[in-house]
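This report refers to the structure that appears directly beneath it.
It should be emphasised that the depicted structure is a prediction, and the values quoted were computed from it without experimental measurement.
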Amino acid sequence: MDPIKNQISAIDPLTIDPVAEPNGEEALHKILSGTTVFSDSRPIAAVTSLEQRRRRKAQIAGGLLLGAAAVTAGVLVAANFGSINTAPAPAVTVTSTEATPTPSVSVTPTPTPTPSVTPTATPTVAGPIITPPVAPTVPAVAPTTAPTQPPVPAATSQTYTFPDGHISFTYPVGWTVRPEQGPSAGATILDATGAEVAFMNSGFYGDGTGGPVTRTVYDRAVVPGLTDTSGNPVEFGFAANQARYVPYGAPADSAPVLDPPSYFMDLRIASELQPGETGSGSNQILMPNGYMSARVIFDINKQPAFATPEAAKAWMGSAQYGRLKSMLLSVSYK
């Protein structure tokens, strides 16, 4: 038997005093009902002394203390060994802040996989959420800007109307119109240098003569704002006439001779602008208010106006030619 058990058995109160304690009720009954007899015949062993009671209480207290110590020791041993089925603690990874990393150390008491421990967040009891009033959204108003006016193009032409209000035309800015006095109501047009470049008239009487010519037409175009009283279209034309004639005193069967070309640039009805051998025709156009004419003025001191047909064709590509042609094409009647 081990020493701990022997010590516990030695302090067992049941084995120390086997004598049964007296029955108090029976003794009281005898005192009250029977004859009072005092005797010293009871054995001394049956009476428990004060010293024995103190020793007995000390033994009981020591036994209880030893029992409590034994129970505590057993609990501590059991807690240290633990259960063999207890899940191991999660692996602890230690990360070093130095340049050389320290490998993580995992303690795994059993071959089973180490379970991941997900920490449970402590629920936070939030107070009532007070939403501040939202100010109404006011739509942004785009700044009003005045519409951008496109730049006004500089005028490139101006208009002249004859006094009777029927014939009008446009001419370049910088040019001038000089009205002529007289019944024909003519007007001379001067360019920016002051040179006379064209002449027009309206509402005059018609006259003139003509003869056979050979005509070369270099340019022609219909004038959109003009027709004569018969409804014939009026055209712009740049051409050259060469008069054909038989010299005076030559035999009757002599071949005609052609004069040097006479260049003109004017308005006339379409039938008066046919190329080839034809009549010289006329640039007078009959309108409701009388005859009108419009022609370009070439240098009278320079005959012919162009030294060669090639020079005449080259002039057609100049700015001056374009301005004169645009002016003649703008003539209109109302």
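Linking Ile, Leu, Val, Met, Phe, Trp and Tyr whenever their side-chain heavy atoms come within less than 4.5 Å leaves L324 and L273 in two separate clusters. Under a hydrophobic-cluster definition in which Ile, Leu, Val, Met, Phe, Trp and Tyr are linked whenever side-chain heavy atoms come within less than 4.5 Å, directly or via other members, M316 and M327 are assigned to the same cluster. Hydrophobic clustering of Ile, Leu, Val, Met, Phe, Trp and Tyr side chains at less than 4.5 Å, counting indirect connections, keeps I297 apart from F264. Note: the hydrophobic cluster containing M200 does not contain L190 (ILVMFWY, side chain heavy atoms under 4.5 Å, direct or indirect links).
A pairwise comparison of heavy atoms in F162 and A187 identifies CE2-CB, 4.0 Å as the closest pair. Contact between R244 and P256 at its shortest, heavy atoms only, is CB-CB, 4.3 Å. Taking each heavy atom of G186 and N201 in turn, the nearest pair found is CA-CB, 3.7 Å. Closest approach of P261 and A240 over heavy atoms only: CB-CB, 4.1 Å. Summarising the geometry of M265 relative to K325, their closest heavy-atom pair is CE-N, 3.9 Å, with the distance given to 0.1 Å. The minimum heavy-atom distance between Q242 and L258, with the atom names listed, is O-CD2, 4.0 Å.
F236 has its side chain out of reach of R220: every pair of non-hydrogen atoms, C-beta onward, lies at least 4.5 Å apart. The closest side-chain heavy-atom distance from I189 to T176 is not below 4.5 Å. Contact annotation: the side chain of N283 never approaches that of I285 to less than 4.5 Å [non-hydrogen atoms, C-beta and beyond]. No side-chain heavy atom of R268 sits under 4.5 Å from any side-chain heavy atom of E235. In this structure the side chain of V223 never reaches within 4.5 angstrom of the side chain of L328, judged on heavy atoms. Taking 4.5 Å as the limit, some side-chain heavy atom of V331 sits within range of a side-chain heavy atom of L267. Proximity of Q158 to V177: side-chain heavy atoms (C-beta onward) are nowhere separated by under 4.5 Å. Between Y333 and P288 the shortest side-chain heavy-atom distance falls below 4.5 Å.
The stretch residues 278-300 participates, sequence neighbours left out, in no salt bridge (charged side-chain N to carboxylate O under 4.0 Å, His left out) pair at all. Note on residues 253-263: pairs passing side chain to side chain donor-acceptor pair (under 3.5 Å), not counting sequence neighbours, are Y245-D259.
Checked by atom type, the side-chain pair S293/D266 shows no donor-acceptor distance below 3.5 Å. Counted by atom type alone, S330 and T170 present one or more donor-acceptor pairs between their side chains at under 3.5 Å. Counted by atom type alone, N241 and R215 present one or more donor-acceptor pairs between their side chains at under 3.5 Å. Side chains of E180 and T188: a donor-acceptor N/O pair is present below 3.5 angstrom, by distance only.
Side-chain atoms of S230 never come within 3.5 Å of backbone atoms of N232 as a donor-acceptor pair (strictly under, hydrogens ignored).
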One pair to check against side-chain contact (heavy atoms from CB on, under 4.5 Å): V213 and T278. What are the steps and the verdict? CA-CA 6 Å; V213 297; T278 182; 4.2 Å; yes
Evaluate the side-chain contact (heavy atoms from CB on, under 4.5 Å) criterion for residues R323 and W175: first the C-alpha distance (whole Å), next the side-chain angles of each, then the deciding distance (0.1 Å), finally the verdict. CA-CA 11 Å; R323 287 188 284 263; W175 291 19; 3.7 Å; yes
Stepwise, does the side-chain contact (heavy atoms from CB on, under 4.5 Å) test hold for D164 with N289? CA-CA 9 Å; D164 62 3; N289 68 328; 2.8 Å; yes
Can you check side-chain contact (heavy atoms from CB on, under 4.5 Å) on T161 and H166, steps first, answer last? CA-CA 7 Å; T161 302; H166 294 297; over 6 Å; no
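A distance of 8.5 Å separates NZ in K313 from OG1 in T216, rounded to the nearest 0.5 Å.
F204 and Y291 have tilted rings, their planes meeting at an angle from 30° to 60° on a 0 to 90° scale.
Partners of F238 according to the ring-ring contact (aromatic ring centres under 6.0 Å, His included) rule, which considers only residues two or more places apart in sequence or in another chain, are Y218, W315, Y321.
A ring-centre distance under 6.0 Å is not found for Y160 and Y171.
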